[in-house]
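Have a look at the structure below before the remarks.
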Number of protein chains: 2
Amino acid sequence: MSNKSYHHGNLRNALVEKGIELINQKGSEQLSLRKVSALCGVSQTAPYSHFQSKEDLLEAMQEYVIQQFMEVLEHAINSCPKQNDPDVLIQMGKNYVLFFINHPQYFQFLFSHTNIEMKLSLDADEVKNFPPLELLKTIVVRIYGEAGMPNEKMEDTIISLWATVHGLAAIATMKNVHYDKDWEMKIENIIRNR
Amino acid sequence: MSNKSYHHGNLRNALVEKGIELINQKGSEQLSLRKVSALCGVSQTAPYSHFQSKEDLLEAMQEYVIQQFMEVLEHAINSCPKQNDPDVLIQMGKNYVLFFINHPQYFQFLFSHTNIEMKLSLDADEVKNFPPLELLKTIVVRIYGEAGMPNEKMEDTIISLWATVHGLAAIATMKNVHYDKDWEMKIENIIRNR
DNA sequence: CATTTAATCTTTACAGTGTCAAGATTGGAA
DNA sequence: TTCCAATCTTGACACTGTAAAGATTAAATG
């Protein structure tokens, strides 16, 4: 609690937040345990009381970022007047891409060290999954499942949409990408005409 | 030339090739200058006679991989009976994804450290570009340009196709992705119905 | 052929990294 | 009040990229 005590009091959260700050500023390659420790005013090995490795801290940071990501996606969904309209998917996809355009460092960070289990098929939830993908599956089933679309076709829809927006995010966050038109409308058109 | 001489004789190429071997086996995060040097039977700092930094070696390795990549793409194109048929794009896209499925470590390696300049718009070639994207642009112009499609629509086609196949490659090369169906046909369907 | 030169490689060294082992501090339970 | 378990520090180790200085040798020069 106090500023100069031996015990930090909230180190676990501080490490996660300062780590994310560092990534936003310098990129994920510049992140080191010792830098994050220094930012928290704590010794090099202090993180090992809360995380058993650097990888472990990175996973906690990823969960934090994914939570922000999920809020953006859910906000896009909830802003749609009709919840079972295909336009929900468009808005969701648009915000998928915009999230990474607004936080360019997050894309590399999330999808390079990630060990998150991914199960593309709709059945079999025994695997701990990537929450945004889970959400996408839910929405697709909500929109097309009740309309009688067969599972296999829904799976294709999921992968197709996911691949498009994920690819757009990858391209948009590449270093030195020059694209001078207004992205937002362009993205929407591409997703819509997918 | 000789095996035990002070001078290696072909160190530059050896570093590139052993480095790529290392990436294929252990992944790009496990690559270090010292390991590559050891694999070439040479001291830690020997690479600095041929590359001015680790990043510089990585760029040379990337060029090497991109060359292999280009051969796969060009082979797909040349295998098509009609060169101005839209099916050329489908085959090219399919091989784009399959290349990274066959070399899972290459995706992270190529697109995480890369500093390659990317210019999405069709005009203005003043920027040194990403060769596969250049090729895609050429093919799209060949197929649709002569048919009178406006530039802006061609650009949308390029980004849309690129995003789809790039996203598919990203997803397919994620760790722990479980997808038990036959990818090859699925990929083709998704690209075709894009 | 002899000699110089420039390219190539080695040795040594240093700061930065993740992480282990041992010990210091301290808040809260007994 | 005492004790303990959680938390943090100090010190050390192997590994990393790379700078500086010197050794070796292929190739150019005379």
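Bear in mind that the values here come from a model prediction, so they are computed numbers and not experimental data. FYI, side chains are in, hydrogens and waters are out, and symmetry mates aren't considered; it's all heavy atoms of this structure. In the text below, chain A, chain B and the rest are named by the order of the sequence lines, each starting its count at 1.
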Tell me which donor-acceptor pairs under 3.5 Å the side chains of residues 88-100 of chain B have, and how far apart each pair is, sequence neighbours excluded?
from, atom 1, to, atom 2, distance (Å)
Lys94(B), NZ, Glu188(B), OE1, 3.2
Tyr96(B), OH, Trp162(B), NE1, 3.0
Tyr96(B), OH, His166(B), ND1, 2.9

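- Remark: C1' of dG18(C) and CZ of Phe51(A) are 15 Å apart, rounded to the nearest angstrom.
- Looking at residues two or more places apart in sequence or on another chain, you find no salt bridge (Lys or Arg N to Asp or Glu O under 4.0 Å) involving Asp85(B).
- Taking Lys35(B) as the reference, Gln30(B) meet the side chain to side chain donor-acceptor pair (under 3.5 Å) condition, with sequence neighbours excluded.
- Between Asp156(B) and Lys186(A) a salt bridge is recorded (basic side-chain N to carboxylate O distance below 4.0 Å).
- Ring centroid separation for the pair Phe111(B) and Tyr106(B) does not come in under the 6.0 Å cut-off.
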Fill in the blank from the handout: Contact string for nucleotides 10-20 of chain D, one letter per nucleotide 5' to 3', B = base within protein heavy-atom range under 4.0 Å, S = sugar-phosphate only, - = neither, reads BBB---BBBB-

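- Under a 3.5 Å cut-off, the side chain of His8(B) and the backbone N or O of Asn10(B) do form a donor-acceptor pair.
- When atom types are taken as modelled, the side chain of Gln83(A) and the backbone of Ile77(A) share a donor-acceptor pair closer than 3.5 angstrom.
- Between His50(B) and dC9(C) there is a side-chain N or O to OP1 or OP2 distance below 4.0 Å.
- Between the CG atom of Leu57(A) and the P atom of dG18(C) there is a distance of 10 Å, rounded to whole Å.
- The interatomic distance linking Leu11(B) (CG) with dT25(D) (P) rounds to 16 Å, in whole Å.
- Taking Arg34(B) as the reference, Gln44(B) meet the side chain to side chain donor-acceptor pair (under 3.5 Å) condition, with sequence neighbours excluded.
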Pick out the pairs of N or O atoms, protein on one side and nucleotides 24-28 of chain C on the other, that lie under 3.5 Å.
from, atom 1, to, atom 2, distance (Å)
dA24(C), N3, Tyr6(A), OH, 3.1

